[in-house]
Amino acid sequence: MKKLFSLLLACMMLFLTSCNQIPPSETTTGNPQNQEQLQDTELKDTIIRNGFSEFIDLPSRILFEYIVPGEDEYTFYYSKADGKAYVYCFDPLCDHSGKCLANPRDDKNIFHSEFVSTFFINNRFYVVADYGQIFSMAFDGSDIKIEYGEESYIPQELNYNLWAQNYRAYDKYIYISLKADENGNPHLLRFNTETKEMEDLTAKTGNHMYPFFFYNGEIYGRDIRGINWFKADLEMKNMEAIEALPASNQFYGSVFYRIAYDDEKNYNDNKAIGLKSYDMKTGETKIITNEMLGLEEEEYVICAVDEDYIYFYPYKQILVGIYINAKGQEKKLYKYNEGKLYRVKHDGTECTLIYDNPNFEFKSREAVICDSKIIIDGWSIGIRDGYADRWDSGMKIGTMGEDGKIEKFEPIELVY
């Protein structure tokens, strides 16, 4: 883990208690695509994949990390109630520069880059550390606990990465990949957040895979090479080889969405021909061709999917112009999209250009939809003072009108 969660429990308790004068509340219902925990009835016919997103989407708040220009990187939460983003600290006297929950550069912080090891289960955050410890805390940062592992901090210089960064959570469980046992073989572990029990599923069953996602109470994953696909029950007792699945980072309900290629097996010479969906429930694959979209692009980035629409932008390299680097040398500046954002219905109809600004570039391959709002990282790009330049970088928010169109992306209002 790049950002080691180095803590002495007593010190953490003291500083986190001071940073939560107004404890927030949160429930465990909401958007099933990004919600870290679902009720049993919501797990059916719903793809569950976490531990990879730039956002944690909770019912009333959306967590994200953001580098404030000229300052530092902080964890913020976007309030769905008032449309503002608040620094994730609840101490009105804190300046967020030291031992603060909102400062991910502080080595005593429980949040980590892109939340790859952070899960929200039963109204608590759980963080898995590569060196073999699991921590948890209340929603407001209080009540920090070591849930598993050594009872004190393990110094980095005496340590090695015990667990692979392939953490997934399902219901009350966190699935953890052990890099290798004493014989060099990988194992799949499972931590029960209720009983605090750690099980070695591979030792019990002889089976192993790297979990990719969950669906209807089964694990779907791949082998150590990332080539062969398998599925198994939650205890890994019955594991079977399956055909490769067109899974992706974008999904809604039981359906994955990704780019469609003319030859899926030829990675060196294939051509994007549109968008593709695969329904885990029915096994049906659908292609939304470029002709259906009314576009001639060859590559797209699907950045979000909601109940009705797929949101995507064309991916292409475009020369902006020449800039002068820190050494006084002339260099070419490229952008990788032209500031156009589209949306199309799941069935491939009503493809609409909802945003068009050639002086804007989407930085992120991921966005989050919140009612009529869309949140994504981006910046302005173009020619300033005769040279190519980027400016006004940060998390942006756009409001969709009744026709879905966005007039402009504005910086999210940050409240410290």
Is a side-chain N or O of Lys335 found less than 3.5 angstrom from the main chain of Pro358, in a donor-acceptor match? yes
For the residue pair Tyr170 and Phe214, is the inter-centroid distance of their aromatic rings smaller than 6.0 Å? yes
* Asked: Under the 3.5 angstrom rule, does the side chain of Thr202 hit a backbone N or O of Asp200 as a donor-acceptor pair?
  -> no
- Query: Can you check whether Met395's main-chain N or O pairs, donor with acceptor, with Lys363's side chain at less than 3.5 Å?
  - Reply: no
Side chains of Tyr86 and Glu413: do they bring a donor and an acceptor to under 3.5 Å?
no
- Message: Under the criterion side chain to side chain contact (heavy atoms under 4.5 Å, CB included), I'd like the reasoning laid out for Met209 against Met239: C-alpha separation, chi angles, the key distance, then a yes or no.
- Response: CA-CA 9 Å; Met209 73 167 87; Met239 188 176 80; 3.8 Å; yes
Self-check item: Any donor-acceptor N or O pair under 3.5 Å, side chains Asp57, Tyr78
Solution: no
Kindly indicate whether the side chain of Asp389, heavy atoms from C-beta on, has any atom under 4.5 Å from the side chain of Tyr387. no
*asked:* Strictly below 4.0 Å, N to O, side chains only: are Glu235 and Arg190 in salt-bridge contact?
replied: yes
dist Asp233:CG -> Asn207:CG (nearest 0.5 Å) comes out at 8.5 Å
Note: Ala247 and Trp229 closest approach over all heavy atoms is CB-CH2, 4.0 Å
**Asked** Has the side chain of Ser254 got a donor or acceptor atom that lies under 3.5 Å from a matching backbone atom of Asp279?
**Response** no
- Task: Side-chain contact test, heavy atoms from C-beta onward, threshold under 4.5 Å: evaluate it for Thr349 versus Met292 and give yes or no.
- Result: no
Counting C-beta onward and ignoring hydrogens, is there a side-chain heavy-atom pair between Asn50 and Tyr167 closer than 4.5 Å? no
Please output the side-chain donor-acceptor pairs of residues 368-383 that fall under 3.5 Å, not counting sequence neighbours, one pair per line with the distance.
residue	atom	partner	partner atom	Å
Lys373	NZ	Thr399	OG1	2.8
Trp379	NE1	Glu361	OE1	2.7

Give a yes-or-no answer on whether the side chains of His346 and Tyr257 include a donor-acceptor pair shorter than 3.5 Å. yes
- Task: For the pair Lys316 and Glu299, evaluate salt bridge (charged side-chain N to carboxylate O under 4.0 Å, His left out) and give the outcome as yes or no after the intermediate values.
- Result: CA-CA 7 Å; Lys316 59 175 65 176; Glu299 195 74 46; over 6 Å; no
What do the steps show when you test Phe191 against Tyr173 for ring-ring contact (aromatic ring centres under 6.0 Å, His included), and what is the final call?
CA-CA 6 Å; Phe191 180 70; Tyr173 298 109; 9.4 Å; no
State, yes or no, whether a side-chain contact exists between Val127 and Ile134 at a heavy-atom distance under 4.5 Å. no
Correct closest heavy-atom pair for Leu234 and Gly217 would be CG-O, 3.4 Å
With a 4.5 Å heavy-atom cut-off, do Asn122 and Glu194 have their side chains touching? yes
When rounded to the nearest 0.5 Å, the distance separating OG1 of Thr205 from NZ of Lys237 is 9.5 Å
* Asked: What do you reckon, are the aromatic ring centroids of Phe139 and Phe120 less than 6.0 Å apart?
  -> yes
CG (Leu353) and NZ (Lys340) are apart, to the nearest 0.5 Å, by 6.5 Å
Legend entry - Candidate pair Tyr300 and Asn290, rule side chain to side chain contact (heavy atoms under 4.5 Å, CB included), full reasoning: CA-CA 11 Å; Tyr300 305 102; Asn290 285 338; 2.7 Å; yes
Donor-acceptor under 3.5 Å (Gln250 side chain, Cys303 main chain): yes
Here the gap from Ile287 atom CD1 to Tyr278 atom OH, rounded to the nearest 0.5 Å, amounts to 13.0 Å
- prompt: Given the rule in the side chain to side chain contact (heavy atoms under 4.5 Å, CB included) test, do Tyr210 and Phe230 qualify, once you have shown the distances and angles that lead to the verdict?
  reply: CA-CA 9 Å; Tyr210 283 100; Phe230 302 91; over 6 Å; no
Are the ring centres of Tyr311 and Tyr313 closer than 6.0 Å? no
Atom CD of residue position Gln317 - does it have more than 12 heavy atoms of other residues, nucleotides or ligands inside 6.0 Å? yes
Shortest non-hydrogen pair, Asn337 vs Pro314, comes out as CB-O, 3.3 Å
Distance col, row Asn166:CG vs Arg168:CZ, nearest 0.5 angstrom, shows 5.0 Å
Report task. Specify whether Phe125 and Tyr88 have parallel, tilted or perpendicular ring planes, treating 30° as the upper limit for parallel and 60° as the lower limit for perpendicular. Result -> perpendicular
Note to self: Does this structure show an ion pair linking Lys196 with Glu147, if we count only N-O contacts that are shorter than 4.0 Å?
What the structure shows: yes
Discussion item. Main chain of Asn185, side chain of Asn183: is a donor-acceptor contact present, judged purely on distance under 3.5 Å?
Written reply: no
Nearest heavy-atom contact between Phe256 and Met280 is CE1-CG, 4.0 Å
#### Entry: Ionic contact status for Asp392 with Lys396, cut-off 4.0 Å
yes
So, Tyr355 versus Asn357: side-chain donor-acceptor pair below 3.5 Å or not? yes
Practice problem: Would you indicate whether the side-chain heavy atoms of Val415 and Val87 approach each other to under 4.5 Å? | Solution: no
Quiz item: cation-pi between Arg61 and Tyr77, 6.0 Å / 45°:
yes
| query | Hey, would you say the Tyr342 and Phe312 ring centroids sit under 6.0 Å apart? | reply | yes
task = Go through the steps for Phe64 and Ile56 under the test side chain to side chain contact (heavy atoms under 4.5 Å, CB included), then give the verdict.
result = CA-CA 7 Å; Phe64 63 91; Ile56 294 182; over 6 Å; no
| message | salt bridge (charged side-chain N to carboxylate O under 4.0 Å, His left out) for Asp223 and Arg225? Distances and angles first, verdict last. | response | CA-CA 5 Å; Asp223 60 17; Arg225 298 175 299 166; 3.7 Å; yes
**OP:** Taking atom types as modelled, find out whether Thr285 and Lys276 have a side-chain donor-acceptor pair closer than 3.5 angstrom.
**Re:** no
One should read off an interatomic distance between Thr352 OG1 and Leu293 CG, to the nearest 0.5 angstrom, of 10.5 Å
Think Arg343 forms a cation-pi with Tyr309, using NZ or CZ under 6.0 Å from the six-ring centre and within 45 degrees of its axis?
-> yes
Do the side-chain N and O atoms of Ser136 and Arg124 include a donor-acceptor pair separated by under 3.5 angstrom?
yes
Side chains of Leu333 and Arg390: closer than 4.5 Å at any heavy-atom pair? yes
With a 3.5 Å cut-off and no angle check, do the side chains of Glu366 and Ser53 form a donor-acceptor pair? yes
What's the verdict on ring-ring contact (aromatic ring centres under 6.0 Å, His included) for Phe212 and Tyr220, showing C-alpha distance, side-chain angles and the deciding distance?
-> CA-CA 6 Å; Phe212 190 80; Tyr220 290 79; over 10 Å; no
* Close side-chain approach of Lys231 and Ile219, heavy atoms under 4.5 Å -> no
Would Lys405 and Glu407 count as a salt bridge (charged side-chain N to carboxylate O under 4.0 Å, His left out) here? Give the steps. CA-CA 7 Å; Lys405 294 188 176 182; Glu407 182 178 344; over 6 Å; no
- Looking at Phe52, is Arg49 sitting on its ring face, NZ or CZ under 6.0 Å from the six-membered ring centre and within 45 degrees of the normal? yes
